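Here the structure comes first, spelled out in C-alpha cells, and everything after it is commentary.
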Amino acid sequence: QVHLVESGGGLVQPGGSLRLSCVASGFTFSSSTLTWYRQAPGKEREFVALISSDAGITDYLASVKGRFTISRDNSKNTVYLQMNSLKPDDTAIYYCKVIFARQTYWGQGTQVTVSS
C-alpha cells in the first residue's frame, strides 16, 4: 500500500526558511517522479515542484523559482522541498504526490504559514 507522509511545516516569518520532507513507502521510489503541490485557503491545488526518478529533471512553479529547491534521497525514500525567502503568498497546505501503477497518491499534507 502506497503511503506518503509529509512533515516540516510550521509558522515562519516572511523571509524565513523551511524544509519539507515526504517519506514514501509501498512503491518503487527510486523509479518514480515525485511532485510537490500546495493548496491555499479558497484556492485550487497547484503544482509547486517536480523531480524525476534520478533527479536529472526538476521543474518549478514560476513564482517559486530561485527560492525553492526540490531534492530526493533514494536511499531514504524521501523527497524534500527547501523553501527560502518565504512570502505570505506561500501560505498553504503542501502535499507530495506520486503516480504509481496508473493511480495517483497524495500525502495528508503539511501546513505552512508565512506571517509576521
Side-chain angles (χ1 to χ4, degrees):
Q1 189 171 3
V2 174
H3 280 113
L4 300 168
V5 180
E6 302 94 336
S7 63
L11 173 64
V12 63
Q13 292 186 343
S17 297
L18 284 173
R19 188 196 197 201
L20 306 184
S21 300
C22 174
V23 179
S25 62
F27 64 98
T28 310
F29 183 86
S30 60
S31 300
S32 301
T33 293
L34 276 293
T35 311
W36 284 98
Y37 279 73
R38 68 186 181 186
Q39 188 165 18
K43 295 186 177 180
E44 293 188 355
R45 196 170 294 189
E46 66 176 354
F47 165 83
V48 175
L50 170 152
I51 187 165
S52 62
S53 58
D54 65 353
I57 297 172
T58 58
D59 193 18
Y60 296 91
L61 176 69
S63 63
V64 309
K65 279 184 180 178
R67 300 189 297 121
F68 290 12
T69 302
I70 190 170
S71 62
R72 65 191 294 159
D73 185 339
N74 286 348
S75 70
K76 296 181 179 179
N77 279 16
T78 302
V79 61
Y80 304 97
L81 187 67
Q82 177 67 43
M83 306 187 296
N84 299 328
S85 302
L86 282 160
K87 304 175 181 180
D89 284 350
D90 296 318
T91 295
I93 300 174
Y94 283 72
Y95 301 89
C96 60
K97 185 193 89 170
V98 67
I99 299 174
F100 177 70
R102 300 183 181 181
Q103 297 287 325
T104 299
Y105 298 90
W106 298 89
Q108 83 290 347
T110 185
Q111 175 72 49
V112 172
T113 303
V114 184
S115 175
S116 55

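Owing to the predicted nature of the structure, the values given are computational and were not obtained by experimental measurement.
Placement of W36 and V98 within a single hydrophobic cluster is found when ILVMFWY residues are connected by side-chain heavy-atom separations under 4.5 Å, directly or transitively. In the hydrophobic clustering of this structure, M83 does not group with Y80; members are Ile, Leu, Val, Met, Phe, Trp, Tyr whose side-chain heavy atoms approach within less than 4.5 Å, directly or through other members. Under a hydrophobic clustering in which Ile, Leu, Val, Met, Phe, Trp and Tyr are joined whenever their side-chain heavy atoms come within less than 4.5 Å, directly or via other members, L61 and I93 fall into different clusters. Cluster membership check: L4 does not share its hydrophobic cluster with Y95, using side-chain heavy-atom separations under 4.5 Å among Ile, Leu, Val, Met, Phe, Trp and Tyr. No chain of hydrophobic side-chain contacts below 4.5 Å, direct or via other Ile, Leu, Val, Met, Phe, Trp or Tyr residues, connects Y37 to V64.
Of all heavy-atom pairs between S17 and S85, the closest is OG-N, 4.4 Å. Closest approach of F29 to D73, counting heavy atoms only: CE2-O, 4.0 Å. Counting all heavy atoms, side chain and backbone alike, S53 lies closest to S31 at CB-C, 3.5 Å. The two residues N77 and N74 have their closest heavy-atom pair at OD1-O, 3.3 Å.
A cation-pi geometry, defined here as NZ or CZ lying under 6.0 Å from the six-membered ring centre and within 45° of its normal, does not hold between R67 and Y60.
In this structure, CG in D89 is found 11.0 Å from CG in L86, a value given to the nearest 0.5 Å. Between the OG1 atom of T35 and the CG atom of L50 there is a distance of 4.0 Å, given to the nearest 0.5 Å. Interatomic distance, Q39 CD to Y94 OH, rounded to the nearest 0.5 Å: 12.0 Å. Atom CG of residue L20 and atom CD1 of residue I70 lie 10.5 Å apart, to the nearest 0.5 angstrom. Rounding to the nearest 0.5 angstrom, the gap separating the SG atom in C22 from the CG atom in L34 is 6.0 Å. For the atom pair S52 OG and R72 CZ, the distance stands at 7.0 Å (nearest 0.5 Å).
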Just distance, no hydrogens or angles: give the donor-acceptor pairs under 3.5 Å from side chains in residues 99-116, sequence neighbours left out.
| residue | atom | partner | partner atom | Å |
| --- | --- | --- | --- | --- |
| Q108 | NE2 | E6 | O | 3.1 |
| T110 | OG1 | G9 | N | 3.1 |
| Q111 | NE2 | A92 | O | 3.4 |
| Q111 | NE2 | T113 | OG1 | 3.3 |

